[in-house]
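Comments concern the structure below.
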Number of protein chains: 2
Amino acid sequence: MSKRKTVVADDEATVTAAEREARPPVEAIRAAAFAQFAERGYPVVTVRDIMKACGLTQGALYNHFKSKDELLHDIIASTQGELERQCQQAVAGAGGDPRAELAAFVRVYVMRHCRLRIEALVANREIGWLDAARVADIRRSRRAIRDIVVTILRHGVEKGVFDPPRVDGRHDLKAMAMALLDQCTHVSMWYGPGGDLTEEQMAKLYTDMALRMVGATPQSV
Amino acid sequence: MSKRKTVVADDEATVTAAEREARPPVEAIRAAAFAQFAERGYPVVTVRDIMKACGLTQGALYNHFKSKDELLHDIIASTQGELERQCQQAVAGAGGDPRAELAAFVRVYVMRHCRLRIEALVANREIGWLDAARVADIRRSRRAIRDIVVTILRHGVEKGVFDPPRVDGRHDLKAMAMALLDQCTHVSMWYGPGGDLTEEQMAKLYTDMALRMVGATPQSV
DNA sequence: GGCCAATGTGAATGGTCGTTCAGGAGGCTT
DNA sequence: AAGCCTCCTGAACGACCATTCACATTGGCC
């Protein structure tokens, strides 16, 4: 896919020439768009901005994406899909004990949102700019993750190892799952590697808080 | 910026051009801008959109606000100021017991974010479009609210009525406060009055979760 | 050597934007 | 009644937008 092999010497010796050799232009566009969306926000980043950052002109975008909108969806959907897969794996590997499942889920979820906080930030902040058709599968994935948590909570209650708060005598596991996810998701808004806690410590703290919230009995004494 | 100097009593009775609007134009502009920002987002709402919704033309905006940016700041700052005041009042009226203070804080904070969820949504979603100078006082207010929570937690630990999670033997009360605020703030993203829980029940649930998270001992038996 | 499919160019299209400003209308003060 | 003050209009400004399109340029293939 490289075309500057023979015409390098006198042509525009752009700084990113080596980078474009390394990966296909569609990857470079994705990366440039991600960086700019993260820094300035989707609606104010222009197609010209993105393509100039790759050393191309605006028209070339449309050889790789149908529209600016599809480009944003592509970026968000890929991180969202990865997140969903990681969550499923974490729970599946926990051996069926709801306490271990919840701990594994929170650990993976929090560590990912610390490490890839920019990706999470873009996915959460810019999703509103997607048109209705393209936003549907992202929302489906988020509901799926919420339902993973709800299922863990329900199993824990049924087995008697969780004793979550009740309002008027009943649980609302959906609201609890949302509360849990909200606090874990939004570490991406304030966590920085220069802060007081490492990712590992964040995972421990949030796992502990989650188990307290659901009233988990001690796992083994 | 303010009204007539000498005419006071019948100002409301004989409003100039009373046919048009029942309230001063600056209020109508604020309301229209708020509604449109909430629905479509600051950068895609045009000055023309806002003013057309008030029955005015675009130029008239600049008789009341210096810029579109100042208009957004005005909207966000007013709700943020109200929130900060309500939080302070709630804690001050709790009698000095950290458990009661935390409960009162969470109750007020959650109920407000359920009832005025659109205001909260706009404040949290659109704050990034403010320029650096105008964003400073909003951030100060948010830090102040976080510090209220940190202070409650510290007092609770000192008095021995809270036993929050530790990482490597230490508390991180700032991280705990952020986790607590994150989950309470973002009810505005999903709570709806048609859902399973009333505002009252939401407040109860979140208060209970908060007290569990910090390891509060039973208040009185 | 000639063809093809992929890929990039840069002008053109048909708008839109926030902000400014000269001018007008009407009521308040003197 | 005259002047002033507040508020509004509507045109103008200079810039920028996403997307399309006719037209290169390229590398691989027969």
Side-chain angles (χ1 to χ4, degrees), chain A residues 1-12 14 16-17 20-21 23-30 32-33 36-37 40-73 129-131 134, chain B residues 1-21 23-30 32-33 36-37 40-74 126 129-131 134:
Chain A
M1 289 293 177
S2 56
K3 23 194 83 253
R4 307 286 191 265
K5 270 182 195 166
T6 56
V7 199
V8 140
D10 57 334
D11 205 20
E12 23 121 33
T14 52
T16 58
R20 268 181 288 146
E21 304 265 338
R23 57 185 170 185
V26 62
E27 288 294 339
I29 293 173
R30 244 195 291 265
Q36 304 238 1
F37 292 163
R40 304 195 288 128
Y42 176 79
V44 304
V45 171
T46 73
V47 171
R48 285 167 175 84
D49 293 335
I50 297 165
M51 300 309 285
K52 182 149 38 177
C54 314
L56 299 174
T57 57
Q58 73 270 26
L61 173 70
Y62 299 89
N63 292 323
H64 304 281
F65 298 93
K66 289 217 300 277
S67 67
K68 190 186 166 192
D69 191 272
E70 191 194 61
L71 171 56
L72 175 61
H73 175 267
W129 306 113
L130 259 28
D131 65 31
R134 274 194 249 266
Chain B
M1 43 181 169
S2 77
K3 314 199 166 204
R4 316 291 185 276
K5 286 193 284 191
T6 55
V7 177
V8 171
D10 59 346
D11 191 38
E12 293 169 19
T14 61
V15 188
T16 63
E19 274 193 344
R20 181 174 290 138
E21 294 288 340
R23 54 185 170 183
V26 63
E27 289 292 339
I29 294 172
R30 244 195 290 266
Q36 305 236 5
F37 292 164
R40 303 196 288 126
Y42 175 80
V44 304
V45 171
T46 72
V47 171
R48 286 167 176 83
D49 293 334
I50 297 165
M51 300 310 285
K52 182 148 41 177
C54 314
L56 298 174
T57 57
Q58 73 269 26
L61 174 69
Y62 299 88
N63 293 321
H64 305 280
F65 298 92
K66 288 216 300 277
S67 67
K68 190 187 168 194
D69 191 274
E70 191 193 61
L71 172 56
L72 175 62
H73 176 267
D74 188 89
E126 314 295 348
W129 306 114
L130 259 28
D131 65 30
R134 274 194 249 268

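As the structure is a prediction and not an experimental result, all values here were calculated from the model. Chain A is the first sequence line, chain B the second, and so forth, proteins listed ahead of strands; every chain is numbered from 1.
- In this structure, A/Q36 contributes its side chain and A/V45 its backbone to no donor-acceptor pair below 3.5 Å.
- Across C/dT19, D/dT9, C/dT9, the shortest atom-to-atom separation from the side chain of A/A60 is found for C/dT9.
- The CD atom of B/Q58 sits 7 Å away from the C1' atom of D/dG10 (whole-angstrom rounding).
- Phosphate contact (OP1/OP2 of C/dA6, side-chain N/O of A/H64, threshold under 4.0 Å): absent.
- Summarising the geometry, the separation between CG on B/D131 and P on C/dG18 is reported as 15 Å, rounded to the nearest angstrom.
- Nearest nucleotide to the B/P25 side chain, out of D/dC8, C/dT19, D/dT19: D/dC8.
- Between the NZ atom of A/K52 and the P atom of D/dA18 there is a distance of 12 Å, given to the nearest Å.
- Relative ring orientation between B/Y42 and B/W129 is described as parallel, the plane-to-plane angle staying below 30° on a 0-90° scale split at 30° and 60°.
- Shown here are the side-chain hydrogen bond (donor to acceptor under 3.5 Å, both in side chains) partners of A/T57, two or more places apart in sequence or in another chain: there are none.
- The shortest distance between the side-chain N/O atoms of A/N63 and the OP1/OP2 oxygens of C/dA6 is not below 4.0 Å.
- Rounded to a whole Å, the CE atom of A/M51 is 15 Å from the P atom of D/dC17.
- Going from atom CZ of A/F65 over to atom C1' of C/dG8 covers 16 Å, rounded to whole Å.
- Using a 4.0 Å cut-off on heavy atoms, the residues of residues 40-48 of chain B that approach DNA chain C are B/V45, B/T46, B/V47, B/R48, listed by number.
- Atom-to-atom, CG of B/L61 to P of C/dT19 comes out at 8 Å; the value is rounded to the nearest Å.
- Qualifying side-chain contact (heavy atoms from CB on, under 4.5 Å) partners for A/V26, counting only residues two or more places apart in sequence or in other chains: A/P24, A/R30, A/H64, A/F65.
- Shown here are the side-chain hydrogen bond (donor to acceptor under 3.5 Å, both in side chains) partners of A/D69, two or more places apart in sequence or in another chain: A/R134.
- Checked against D/dT9, C/dG8, D/dC8, the side chain of B/T57 finds its nearest nucleotide in D/dT9.
- Sorted by first then second residue, the salt bridge (Lys or Arg N to Asp or Glu O under 4.0 Å) pairs that include residues 52-62 of chain A, not counting sequence neighbours, number zero.
- If you measure from atom CG of A/L71 to atom C1' of D/dT19, you get 14 Å, rounded to the nearest angstrom.
- In this entry the distance linking OH of B/Y62 with P of D/dG10 reads 17 Å, nearest Å.
- Residues satisfying the side-chain hydrogen bond (donor to acceptor under 3.5 Å, both in side chains) test with B/R48, not counting sequence neighbours, are none.
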